[in-house]
Amino acid sequence: MNEPVVNLELALEHGLTEDEFSRINEILGRVPNYTELGVFSVMWSEHCSYKNSIALLKTLPREGKKLLVGAGEENAGLVDIGDGLAVAFKIESHNHPSAVEPYQGAATGVGGILRDIFTMGARPIAALNSLRFGSLDDPRTRFLFEGVVKGIGDYGNCFGVPTVGGEIYFDKSYKGNPLVNAMAVGIVKVGETATATAEGVGSPVMIVGSSTGRDGIHGATFASEEISEKSEAKRPSVQVGDPFTEKLLLEASLEIIKNDWIIGIQDMGAAGISCSTSEMSAKGKSGMDINLNKVPLREKGMTAYEIMLSESQERMLVVAKPGCEEKIIETFDKWDLHCETIGKVTSDGIIKLKYDGEVKAELPADDLVLGGGAPVYYRETKFPDYINELRDFNFNSIKEPISIEDAFEKVFSSPNIVSKKWVYEQYDSMVRTNTIVGPGCDSSVIYLKGTNKALAANTDCNARYVYLNPKEGTKIAVAESARNIVCSGGEPLAITNCLNFGNPYKPEVYWVFKEAIEGMGEACRFFDTPVTGGNVSFYNESPDAAVYPTPVIGMVGLIENIDHVTTSYFKNEDDLIYVLGDDFEELGGSEYLNVCNNIVSGDAPKINLQTEKELQSFLLSSIQKGMIKSAHDISEGGILTALAECCIINENNPIGADVNIPIKSREDFSLFSESQSRVVVSVAKEDKEKFEKAAGESSTPFYFIGKTGGSSLKVNEKFEFALNKLAALYYNSIAEKMNVEI
């Protein structure tokens with residue numbers, strides 16, 4: 001094949017800028033050839049290089065007392081949880097692939113994040129996700145939604161990891177650009193982890209797993225541009241996943257790691273062999289000589305360019321300890337997987353690629369990667385005009401609803417509020433039998449076998465808050481994620497993040513991104529939850545508009561004693577119901593404002609981090625002392641929604657309540673307010689004095705509002721909602737939209 005002549009025009013077609021092309025020429029001392037241009041283009045894409053975000057990401061807290069591996073150090077973060085164990089976890093996006101091929105886009109997103117976990121030497125024990133779509137009234141949205149859910153379910157179910165939780169939101173801003181963020185959690189013994197490093201001159205370099213095809217070529221570049229009408233033509237940039245092969249790859253990889261036969265191992269995700277060879281070499285301050293003829297191919301006639309840029313799934317690059325090659329080959333042969341020695345480690349820092357007897361590329365590894373020669377940009381910022389316009393909104397202009405009951409039923413049946421049962425029943429949430437609390441509560445809880453401990457995990461972000469106030473909205477995302485961990489009986493440990501934003505070259509978008517990073521950093525430092533890593537996904541824009549800025553927080557917490565596991569729903573008749581925290585009648589960005597008035601305006605609710613921390617401290621202490629029967633965060637939809645959920649989340653034993661909720665200025669303002677740092681708890685009658693004494697000694701405001709019992713939710717001796725009607729709204733709304741029965 002005659003390769004194209006490399007010039008500026010071709011470089012621009014590859015997503016590089018004129019300055020970047022000039023810089024590549026300077027690094028090499030010549031014009032790159034076609035294969036070299038391809039490698040640089042994917043390695044310097046936003047998806048791989050983080051060139052528009054890394055400067056700001058480095059301001060986030062990346063150290064903590066229990067942190068073993070922090071952001072950017074390895075394939076995933078690692079936190080010590082005692083008993084000689086560590087938890088590895090990470091979240092990443094697969095937005096653009098899912099927009100054009102929802103099933104494979106979502107499935108390979110799950111596969112990729114699972115590989116990041118087990119290349120650490122950790123066995124995956126749970127998967128979560130955070131999803132955003134347009135309105136379910138739109139046929140295209142329903143197609144995307146159904147495909148994404150099926151892709152996540154099929155891959156996770158076949159692989160054998162429980163999908164235990166997450167979140168799903170619907171808003172017109174995501175119509176042309178859905179967000180599909182996948183998170184995975186794994187467990188490993190401290191000291192038995194693997195590293196993504198290439199060291200030792202002459203050490204064998206091996207490719208293991210599946211064969212290499214043409215799927216996914218330029219996937220990283222595709223993820224670094226806006227969705228447009230031409231995106232449908234880029235289906236070949238979407239990888240194809242095989243969860244059965246991934247399961248075999250998991251077992252084989254963990255076996256060679258456990259037996260200490262390798263120096264390093266790295267997943268071949270974005271940019272494929274280009275990424276793994278260059279990043280492992282740069283980390284080990286080494287180079288590699290690679291013979292591409294040794295790479296197992298599943299398609300004839302592939303060029304060096306295609307082999308290097310392929311993002312075929314279920315592959316790893318392994319640097320073996322000299323003398324261990326045969327043991328590694330035998331292991332992968334046992335699991336019926338490819339294992340080929342394709343090169344060796346060198347000392348010159350150069351990635352040298354040979355194919356069909358020719359040298360196809362000679363590239364300095366360090367100049368390809370983040371932290372080396374990859375460009376770093378500080379983009380222009382500009383305060384968005386829309387923010388002041390929306391914050392000037394006069395809430396008194398909202399007419400009081402004729403019927404609070406009708407307004408509440410409308411809010412409670414909103415796709416953002418209702419149960420996602422139609423979704424999570426397609427996931428196997430119980431495989432491996434570690435799941436204590438599955439989807440539906442504040443956090444999912446996974447038992448750690450062989451201990452008396454459990455992990456709590458969740459994903460969280462209210463993007464409307466971030467849209468209205470990027471810094472406060474992101475602080476709320478961190479605070480609410482931590483609050484949900486505590487509501488489940490856990491102590492927050494650390495976060496991973498998936499930062500979904502629009503085009504960073506637009507000053508207003510970059511200002512929002514910068515503010516969000518500042519808010520995240522402030523909150524994480526306050527809660528001592530360092531950032532272990534994650535993913536930045538820019539260019540989430542369709543021809544219509546950018547998505548709401550959506551910095552998703554994935555958090556993991558430790559429950560020291562499984563007796564302290566707490567769920568959201570009421571447990572017994574005649575328990576006492578309290579609200580912890582104050583209400584300030586805040587409706588900016590609220591579900592009520594959006595659903596009942598078709599308005600997204602105002603300011604995000606205020607968040608006082610000290611108040612939040614004191615609430616969490618008191619709540620966790622009360623749970624550990626056995627005083628709390630249930631705990632549920634008050635969030636979207638306000639206190640009425642939270643109480644209704646407490647009544648019906650346990651479908652096998654719904655329990656009503658009779659409450660009196662203080663009204664400050666207007667019924668709708670108080671009942672639908674989304675003020676932060678509030679939790680509904682239930683307490684046994686015999687613990688009343690002990691609880692109220694402890695609450696009185698804390699700095700957290702608390703209010704007795706009523707008792708559990710009956711078959712309805714009674715409010716202020718004025719409103720009554722039958723539980724069977726609430727359950728019908730809550731559990732059937734999405735299924736009805738999707739025209740299926742549950």
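Here, residue 1 is the first one in the sequence, and each next residue gets the next number.
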Spatial distance of atom OG (S677) from atom CG (D633) [nearest 0.5 Å]: 9.0 Å

Does some side-chain heavy atom of V659 sit less than 4.5 Å from a side-chain heavy atom of I639? no

When every non-hydrogen atom of Y548 is compared with those of A463, the smallest separation belongs to CB-CB, 3.8 Å

Is there a side-chain contact between E472 and Q676, using heavy atoms and a 4.5 Å cut-off? no

Is there any salt bridge (Lys or Arg N to Asp or Glu O under 4.0 Å) pair reaching into residues 549-575, and which pairs are they, with sequence neighbours excluded? K453-E560

Please check if the side chain of K420 supplies one atom and the backbone of P415 the other of a donor-acceptor pair under 3.5 Å. yes

With the side chain counted from C-beta on, respond yes when V185 and I446 share a heavy-atom pair under 4.5 Å apart, and no when they do not. no

Donor-acceptor contact present, side-chain S622 to main-chain I628, <3.5 Å: no

Hey, are N540 and N95 close enough side-chain-wise for a donor-acceptor pair under 3.5 Å? yes

Is it true that D583 and S675 share a donor-acceptor pair across their side chains at a distance under 3.5 Å? yes

Applying side chain to side chain contact (heavy atoms under 4.5 Å, CB included), run through E491 and I485 and close with a yes or a no. CA-CA 7 Å; E491 177 189 357; I485 294 288; over 6 Å; no

Donor-acceptor contact present, side-chain S443 to main-chain A456, <3.5 Å: no

Evaluate S413 against S733 for side chain to side chain donor-acceptor pair (under 3.5 Å), listing each step before the verdict. CA-CA 6 Å; S413 59; S733 293; 5.1 Å; no

In this structure, CG of N396 is separated from CZ of R666 (nearest 0.5 Å) by 6.5 Å

Could you tell me the separation between the OG1 atom of T708 and the CG atom of L713, rounded to the nearest 0.5 Å? 12.0 Å

Start with the C-alpha gap between R142 and F133, add the side-chain angles, then the distance that decides, and say whether side chain to side chain contact (heavy atoms under 4.5 Å, CB included) holds. CA-CA 9 Å; R142 292 197 296 273; F133 299 93; over 6 Å; no

Hey, which of F672, F412, F395 is the one that makes ring-ring contact (aromatic ring centres under 6.0 Å, His included) with Y592? F672

Would you sort out whether I655 and Y569 count as a side chain to side chain contact (heavy atoms under 4.5 Å, CB included), showing the intermediate values? CA-CA 8 Å; I655 297 175; Y569 48 85; over 6 Å; no

Any salt bridge between K514 and E518, counting N to O under 4.0 Å? yes

Side-chain touch I577/V680, heavy atoms, less than 4.5 angstrom: yes

Sequence neighbours left out, what pairs pass side-chain hydrogen bond (donor to acceptor under 3.5 Å, both in side chains) with at least one residue falling in residues 643-657? K421-E651, H632-E645, E645-Y730

Sidechain-backbone polar pair: T496 side chain, G533 backbone, donor-acceptor under 3.5 Å: yes

Pair S429, T435: side-chain N/O donor-acceptor within cut-off below 3.5 Å: no

Side-chain heavy-atom pair I495, C524 within 4.5 angstrom cut-off: yes

Which atom names give the shortest non-hydrogen contact between V486 and P492, and what distance separates them? CG2-CD, 3.9 Å

If we ignore angles and hydrogens, is there a donor and acceptor under 3.5 Å between the side chains of S568 and D442? yes

Report yes if the side chains of L619 and C487 come closer than 4.5 Å at any heavy-atom pair, otherwise no. yes

So how far is it from K475 NZ to N608 CG, rounded to the nearest 0.5 Å? 8.5 Å

Could you pull out the closest heavy-atom pair between P470 and T474, with the gap in Å? O-OG1, 2.7 Å

Could you walk me through whether M183 and I113 pass the side chain to side chain contact (heavy atoms under 4.5 Å, CB included) check? CA-CA 6 Å; M183 177 175 168; I113 200 65; 5.6 Å; no

Side-chain (S488) to main-chain (G490) donor-acceptor, under 3.5 angstrom: no

Within-4.5 Å side-chain heavy-atom neighbours: N716 and E667: no

Kindly check if the number of other-residue, nucleotide or ligand heavy atoms within 6.0 Å of NZ (K664) is above 12? yes

Is the number of heavy atoms from other residues, nucleotides or ligands within 6.0 Å of CD (E717) greater than 12? no

Taking the side chain from R678 and the backbone from V579, do they hold a donor-acceptor pair closer than 3.5 Å? no

For the pair Y467 (side chain) and S601 (backbone), establish whether a donor and an acceptor sit closer than 3.5 Å, ignoring hydrogens and angles. no

Before we go on, tell me: are the rings of Y169 and Y174 under 6.0 Å apart, centre to centre? no

Is a side-chain N or O of R132 found less than 3.5 angstrom from the main chain of F170, in a donor-acceptor match? no

Taking atom types as modelled, is there a side-chain donor on E585 or S673 under 3.5 Å from an acceptor on the other? no

Inter-residue atom distance S98.OG - I152.CD1, 0.5 Å rounding: 7.5 Å

Report the C-alpha distance between E522 and K471 in whole Å, list the side-chain angles of each, state the deciding distance to 0.1 Å, and finish with yes or no for salt bridge (Lys or Arg N to Asp or Glu O under 4.0 Å). CA-CA 9 Å; E522 184 180 339; K471 183 180 287 187; 5.3 Å; no

For F570 versus A657, what's the shortest heavy-atom pair and its separation? CE1-CB, 4.0 Å

If I compare all heavy atoms of G473 with all of V466, which pair ends up nearest, and what's the gap? C-CG2, 3.7 Å

Just by distance, with hydrogens left out, do E674 and S590 show a side-chain donor and acceptor under 3.5 Å apart? no

Proximity of Y578 and F691 rings by center, below 6.0 Å: yes

Give me each pair satisfying salt bridge (Lys or Arg N to Asp or Glu O under 4.0 Å) with a member in residues 606-630, each pair once, sequence neighbours excluded. R483-E612, D603-K606

At their closest point, which heavy atom of S419 faces which heavy atom of Y424, and how far apart are they? OG-OH, 3.6 Å

T459 side chain to I553 main-chain N or O, any donor-acceptor pair under 3.5 Å? no

Below 4.5 Å, heavy atoms only, C-beta onward: do F393 and L587 meet side chain to side chain? no

Is it true that a side-chain atom of S414 and a backbone atom of N416 form a donor plus acceptor pair closer than 3.5 Å? yes

On the 0 to 90° scale, with breaks at 30° and 60°, tag the F501-F513 ring pair as parallel, tilted or perpendicular. perpendicular

Would you say the rings of F408 and F719 are close, in the sense that their centroids are separated by under 6.0 Å? no

The reported gap from OG1 in T532 to NZ in K90 (rounded to nearest 0.5 angstrom) is 9.0 Å

